[in-house]
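What follows is a set of notes on a single structure, which appears directly below.
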Amino acid sequence: GVNKEKVNVLVVGLDNSGKTTIIERLKLASTKKAQAPVEVTPTVGFNVDTFSKGSLNFTVFDMSGAGRYRSLWEQYYKDCQAIIYVIDTSDKLRVCVAKDELDLMLKHQELKRVPLLFFANKMDIPSALTPVECAQLLKLDDITDKPWQIVPSNALSGEGLQKGVDWLAEFIQ
Ligand code: GTP
Ligand code: MG
């Protein structure tokens, strides 16, 4: 509806972590096509999407996670009211890269107090890191200047996504 509050959400994380799949699944969740499979291709640059949840209209900036585009992320920090950081829990080799990118992001003062939701995505893959392991490897306990939460998700089935968005909605100001 027209009276809904509009919030900008920035979605970041390494390439192939599942950002676009998560957004497509969240868009489908509010339609009759909720169970439809989601087809995605790697994002080039970024895409802007919208979906609504409760009294909020989310405008989502779906950034590419590819190395050559990661420098775009920071251009949107000043205009976002929430951040979703997607982690591919099956990509153990690149958790350290995800941590480096996270650390760069956390240095930005514009993001002070901006709620930060981590999706520990691809939990359906048996060898995946657990959310606790992710939190330890990314040293999430060191984040003390903003509310944060880590939620396990499977973007293919949609499991965990609503829980994450509900948490985010609670902390958006
Ligand atoms: P970039 O746009 O390149 O930054 O990637 P992205 O983060 O948007 O990833 P994308 O949504 O394109 O998904 C990458 C691949 O991971 C696709 O083949 C998805 O189907 C797959 N994928 C996404 N989420 C999950 C998940 O929860 N489990 C599994 N098994 N695969 C997933
Ligand atoms: Mg994408």
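Indexing begins at 1, ligand by ligand and atom by atom, following the structure's order.
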Quiz item: So which of Lys122, Lys19, Glu39 gets nearest to atom 22 (N) of ligand 1, if we judge by its closest heavy atom?
Solution: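 Answer by nearest heavy atom: Lys122.
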
Quiz prompt | Pick from Ile22, Val40, Val12: the one approaching atom 12 (O) of ligand 1 most closely through a non-hydrogen atom | solution =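 The residue whose heavy atom sits nearest atom 12 (O) of ligand 1 is Val40.
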
For [atom], the protein heavy atom that lies nearest, with its residue and separation:
{"atom": "atom 23 (C) of ligand 1", "value": "Thr21 OG1, 3.6 Å"}
{"atom": "atom 24 (N) of ligand 1", "value": "Asn121 ND2, 3.1 Å"}
{"atom": "atom 28 (N) of ligand 1", "value": "Asp124 OD1, 2.7 Å"}
{"atom": "atom 27 (O) of ligand 1", "value": "Ala155 N, 2.8 Å"}
{"atom": "atom 15 (C) of ligand 1", "value": "Asn16 OD1, 3.2 Å"}
{"atom": "atom 9 (O) of ligand 1", "value": "Gly18 N, 3.1 Å"}

Quiz item: Counting only heavy atoms, which portion of Asn154 has something under 4.0 Å from ligand 1: side chain, backbone, both, or neither?
Solution: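 Both parts.
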
Exercise. Quick one: look at Leu14 and ligand 1, take heavy-atom pairs under 4.0 Å, and tell me if it's side chain, backbone, both or neither.
Key: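 Leu14 to ligand 1: backbone contact only, side chain stays beyond 4.0 Å.
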
Quiz prompt | Whether Phe118 and Tyr85 hold their rings parallel, tilted or perpendicular, with breakpoints at 30° and 60° | solution =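 It falls in the tilted class, 30° to 60°.
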
Quiz item: Given the protein's heavy atoms, is any one of them under 4.0 Å from atom 31 (N) of ligand 1?
Solution: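 Given the 4.0 Å cut-off, atom 31 (N) of ligand 1 counts as touching protein heavy atoms.
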
Quiz prompt | Distance-only N or O hit between ligand 1 and Gly65, under 3.5 Å | solution =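 Yes; at least one N/O pair falls below 3.5 Å.
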
Quiz item: Do Asp62 and ligand 1 have an N or O pair less than 3.5 Å apart?
Solution: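 No: no nitrogen or oxygen of Asp62 is under 3.5 Å from one in ligand 1.
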
Looking at [X], which atoms of ligand 1 are within less than 4.0 Å of one of its heavy atoms?
{"X": "Ser17", "result": "7 (O), 9 (O)"}
{"X": "Ile125", "result": "30 (N)"}
{"X": "Pro42", "result": "2 (O), 3 (O)"}
{"X": "Ser64", "result": "4 (O)"}
{"X": "Leu156", "result": "20 (O), 25 (C), 26 (C), 27 (O), 28 (N), 29 (C), 30 (N), 31 (N), 32 (C)"}

Quiz item: Would Lys122 and Asp91 satisfy salt bridge (charged side-chain N to carboxylate O under 4.0 Å, His left out), going step by step from the backbone distance to the final call?
Solution: CA-CA 9 Å; Lys122 307 199 184 183; Asp91 189 357; over 6 Å; no

Self-check item: Heavy-atom closest contact (Ser64 atom, Ala66 atom, distance)
Solution: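 Minimum heavy-atom separation between Ser64 and Ala66: OG-N, 3.1 Å.
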
Exercise. Could you tell me which non-hydrogen atom of Lys4 sits nearest to which non-hydrogen atom of Gly54, and how far apart they are?
Key: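 Closest approach of Lys4 to Gly54, heavy atoms only: NZ-O, 3.1 Å.
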
NZ/NE/NH1/NH2 to OD/OE distance under 4.0 Å, [X] and [Y]:
{"X": "Asp49", "Y": "Lys27", "result": "yes"}
{"X": "Lys19", "Y": "Asp88", "result": "no"}
{"X": "Lys139", "Y": "Asp142", "result": "no"}
{"X": "Lys99", "Y": "Asp103", "result": "yes"}

Practice problem: Begin from the C-alpha positions of Tyr69 and Phe46 and carry the test ring-ring contact (aromatic ring centres under 6.0 Å, His included) through to its verdict. | Solution: CA-CA 9 Å; Tyr69 293 121; Phe46 71 95; 9.7 Å; no

Quiz item: If you measure from CD on Glu133 to CD1 on Ile87, what distance do you get to the nearest 0.5 Å?
Solution: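 One gets 12.0 Å once the value is rounded to the nearest 0.5 Å.
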
Quiz prompt | Any Gly13 heavy atom less than 4.0 Å from ligand 1 | solution =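 Contact absent.
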
Quiz prompt | Rounded to 10 degrees, the angle OG1 of Thr43 makes with OG1 of Thr20 at the Mg ion (ligand 2) | solution =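 Between OG1 of Thr43 and OG1 of Thr20, at the Mg ion (ligand 2), the angle is about 90°.
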
Quiz item: Has Glu159 got more than 12 heavy atoms of other residues, nucleotides or ligands less than 6.0 Å from its CD?
Solution: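 No, not enclosed.
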
Exercise. Taking the side chain as every heavy atom from C-beta outward, state whether Val9 and Phe61 have any atom pair closer than 4.5 Å.
Key: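 No, their side chains stay 4.5 Å or more apart.
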
